[in-house]
Amino acid sequence: MTTGLAMRRRIASILGKVRGAIARGRGIGATLVRGAFPVLRESGLGGFVRAARALQRGEGPPLLTDPQGPDRFRYREWIRRYGQPAATGWWRLTDAAARVRAEAMTFTVLMPLDAGTGEQFARAVASVRQQVHPNWTLHLVAAPGQRTGLHGSAMRLAAEDARIAYCEAPLPQAIASVATPWLALLDARDALAPDALLRVAEALVSEPQVRLVYSDEDRVDAHGQRSAGWFKPDWNLDLLRSQDFMSRLAVHDARLVREVGGLDAACGEAAPYDLVLRCVERLAPAQIAHVPQVLYHRHVAAADNGHADLSDGAPAGGEQALQAHLARCGVAGAVQRVSFGFKVRYALPADAPLVSLIIPTRNALALVRQCIESILAKTAYPRFEIILVDNGSDDPEALRYFDALARRPDVRVLRDDGPFNYSALNNRAAAIARGEFLGLVNNDIEVIAPEWLVDMVGIALQPGVGAVGARLWYPDRTLQHGGVVLGYRGGVANHAHRGLRQGEPGYFGRAALTQSFSAVTAACLVVRKRLYDELGGLDEEHLTVAFNDIDFCLRLREAGYRNVWTPEAELFHHESATRVSDFAGPALQRFLREEQFMRRRWGALLTADPAYNPNLSLAAEDFSYAWPPRNPWLPPST
C-alpha cells in the first residue's frame, strides 16, 4: 500500500512531467501511462484520481529535500507563504457596526514573572505592545517575596507605558482583580502573534455567545525561528481529556473565571489546564470557539532541538486536574499519564451491558474463523453475543464451521442469501440483537488487546457519545485506522495517520490519544442499539457498500452525539481481503454513485471537518500542511 506522503510525491512527480511535456509541445499519453501505472496498481483508480485532483488544486508542498528532518513538512516555507499576520485590522468584518464592536473590546493579558530570561521577557512584552488590536492592558505579576531578575525591568516598563501594570500578588489574586471582560495568560518565555487579540475580537463579534476562545500555536526559538505548527481541531472534549490542547492561547470570559473560582495555584504547572477544564464544564459547545490560526508562539526548550515537545499537552499535575474534572462531572473513571498525554479508563457498571457483535461474511473460512476465535479466546469483556450473518456461503467447510458455531449459546447464525448489501446485512442482524450495545465487526478483524471491548463500551456509556471506533493495524503493524477525516484526497473520507508505524505517536500525539472524530470505521464500531434504531441503522438504500459507516456517524453527529476513537482498543484488520475492489467493473459505477450521494447529503462538511484543521492537508493522511490553507483568513492582498 502506497503511503499518503509517498503517493503524493509520486503523483506530484508525474504531474510535473506532464506539465513539462505540455510546455515542450509533446504528447502526454505515454508520460501518464508510464508514471501512473505503478500507482494505479497499488492504490486504485479512485485513489490516484482524487490525489491528482487535490495536487492540481495546489494541495502539495515544495519537493522535500530532507523527508525525515525536523522541518520535513516545510513549516518555515509554509508560514512564509500563508502564516504572516495582518498588519492592519478588521478587514474580515465587512459590517461597519461589527468592526466598531470589535475595536471596542478590551483584553487583559497576565504575565507571571516566574520563569524566563531577560531576552525572552523582552520578546514577550514586545509581542503585546505590538498588537494590532488597540484595547489591551498587560499585568506583570510578581509573586510576593520571590523577586527575580525580571522584576526591575517589569517596574521600568510599567513606569514607561500606562497600559502596563506591575503588581506583587499571587497570580490567582491578580486574575480575580481583572476589570476587563476578557483575559488571557502569557508565559514570560513566550509571545503572541501581532494580530492575536484582533483575531480573537473578530471571533467574539462573529459569535457573541462565545465565552472561551483558543487558537493554534507553534514554537519560537531564541533567534525568532518558528517551528512545529500545532494546528488543532475545533472543540473536542475527548481530546481535552487526553491532552491540554487549549490553554495556549486561551482567552477567557473574566466573569466565567470568577464563577469557577479563578486560577488554582495548587495545580502548579497544570493550573491553566485545570482552569480550562473547570470553564468548559459550564459551557455548551457553541460557547467555545477555535481560531484556526497560529496566535501563540511557545518557547523552545533547550532539549527540543527544533522538534515539537509532546509534553506540552501533558503538564505536570495534569492527571490530578483531569481526575478532579471527572469527579465534578460525575464520571466514574481512572486517569493515568501515558507517553503523550493522559488516558481515561471509564468504569463499567457492576452489571456490564450485553454487547451484540455483528459479523457479516460470505465463505472466507480462514478469515472469519480467525476473527471469531480471537474474539472468543482473547476478549476480557464479560458479556457479549456474536451474530454471524452468512451472506450466501456455499463453501462446505465454512458451512460446517458455521453449523458448529450455531450450537454455542453465545453465537447465532443468521442466513441471508440476498445480494451483498453491507448496510442491509447489519440492519437485519441489529433487528434480532439482544444487546444494549451493538458492535459492528468485519470478518477480517483479529483481536490483539484483550481489553478492547472494555474500553469501547466504557466510552460508549458516557453521556453524549454516539459511535466508538478502534485502533486498527495492518498485519505489518502499520496503522490502518486512526479515526476518519472527511475530504481526504478530494474524496469523501479516509483514515487519519494511515500507514504510520507502530510506536509512532503521530501529529502531536493524535495517533495515540483518545479523541472525537467526525466518523470512525464500521470495521470495528460500538454504538448503543437505541441510537442505531433511532437513526434507522445504516442506509441500505443509497449506501449498500461504501461510506455507510461515515454517513451513519455523521447522522449521529447531526443528532447531537460525538463519535470517539480510542487507541486502547487494538485489533488487526486484514483489510477487505475478501471484498471485490471498488474500482473494477460494475463496482466502480456503484462506488461513484455512492460517493456522489455523500456529496449531495453532506456538502461542505466534507471539506471542513471540525475534528481536523483547515491548515492541514487533504492531499495526504499524514497531517502535513495544506498548500494553501482552506480557511479564508489571509488578508485579500496576500
Side-chain angles (χ1 to χ4, degrees), residues 233 236-242 326 331-333 342-349 352-359 375 379-384 426 430 433 435-442 445 447-473 479-485 493 495-497 510-535 537-538 548-571 573 610-611:
N236 194 313
L237 172 62
D238 299 284
L239 184 58
L240 186 63
R241 288 177 174 175
S242 298
L326 296 179
V331 173
F342 310 110
K343 179 178 77 174
V344 177
R345 172 63 63 83
Y346 294 99
L348 294 176
L354 178 67
V355 181
S356 298
L357 301 176
I358 299 171
I359 307 173
I375 291 173
T379 299
Y381 190 82
R383 295 187 66 212
F384 64 88
N426 280 282
E436 181 182 341
F437 287 85
L438 302 178
L440 309 188
V441 181
N442 277 17
I445 289 293
V447 172
I448 301 173
E451 300 288 323
W452 70 281
L453 197 53
V454 173
D455 279 292
M456 295 181 78
V457 173
I459 295 170
L461 281 164
Q462 300 310 306
V465 171
V468 180
R471 177 157 63 171
L472 305 181
W473 298 98
L479 191 63
Q480 190 265 336
H481 176 249
V484 168
V485 171
H495 297 172
H497 288 114
R510 287 194 65 180
L513 298 173
T514 299
Q515 62 204 271
S516 300
F517 277 97
S518 292
V520 293
T521 180
C524 184
L525 178 154
V526 169
V527 65
R528 287 184 185 270
K529 186 176 187 299
R530 174 180 59 81
L531 295 181
Y532 192 90
D533 293 341
E534 286 177 3
L535 269 66
L538 305 183
N548 37 54
D549 49 357
I550 310 301
D551 173 74
F552 177 69
C553 286
L554 294 183
R555 285 187 282 129
L556 280 168
R557 182 180 174 277
E558 188 177 54
Y561 298 94
R562 64 186 196 273
N563 301 306
V564 183
W565 175 81
T566 172
E568 305 304 321
E570 296 192 276
L571 307 98
H573 188 192

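Note that these values count all heavy atoms, side chains included, but never hydrogens, waters or copies made by symmetry. Just so we're clear, the structure is a prediction, and the values are computed from it rather than from any experiment.
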Is there side-chain contact between [X] and [Y], with heavy atoms separated by less than 4.5 Å?
{"X": "R471", "Y": "T566", "result": "no"}
{"X": "D455", "Y": "R345", "result": "yes"}
{"X": "S518", "Y": "C553", "result": "no"}
{"X": "Y561", "Y": "S516", "result": "no"}

Working to the nearest 0.5 Å, report the span between [atom1] of [X] and [atom2] of [Y].
{"X": "L531", "Y": "F437", "atom1": "CG", "atom2": "CZ", "result": "8.5 Å"}
{"X": "L453", "Y": "C524", "atom1": "CG", "atom2": "SG", "result": "8.0 Å"}
{"X": "L479", "Y": "H573", "atom1": "CG", "atom2": "NE2", "result": "12.5 Å"}
{"X": "N442", "Y": "L525", "atom1": "CG", "atom2": "CG", "result": "10.5 Å"}
{"X": "L535", "Y": "L556", "atom1": "CG", "atom2": "CG", "result": "5.0 Å"}
{"X": "L440", "Y": "Y532", "atom1": "CG", "atom2": "OH", "result": "5.5 Å"}

Original post:
Taking only residues two or more places apart in sequence, or in another chain, which ones meet F384 in a ring-ring contact (aromatic ring centres under 6.0 Å, His included)?
Top reply: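 Counting only residues at least two positions away or on another chain, F384 forms no ring-ring contact (aromatic ring centres under 6.0 Å, His included).
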
**OP:** Begin from the C-alpha positions of E436 and R528 and carry the test salt bridge (Lys or Arg N to Asp or Glu O under 4.0 Å) through to its verdict.
**Re:** CA-CA 6 Å; E436 181 182 341; R528 287 184 185 270; 3.2 Å; yes

Original post:
Do T514 and D238 get their side chains close enough for a donor-acceptor pair, meaning under 3.5 Å?
Top reply: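 No.
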
Original post:
Relative to the ring of H495, is the ring of H481 parallel (under 30°), tilted (30 to 60°) or perpendicular (over 60°)?
Top reply: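 Rings of H481 and H495: perpendicular, as their planes differ by over 60°.
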
Original post:
Taking the side chain from Q515 and the backbone from L513, do they hold a donor-acceptor pair closer than 3.5 Å?
Top reply: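 Side chain of Q515 to backbone of L513, a donor-acceptor pair under 3.5 Å: yes, one is there.
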
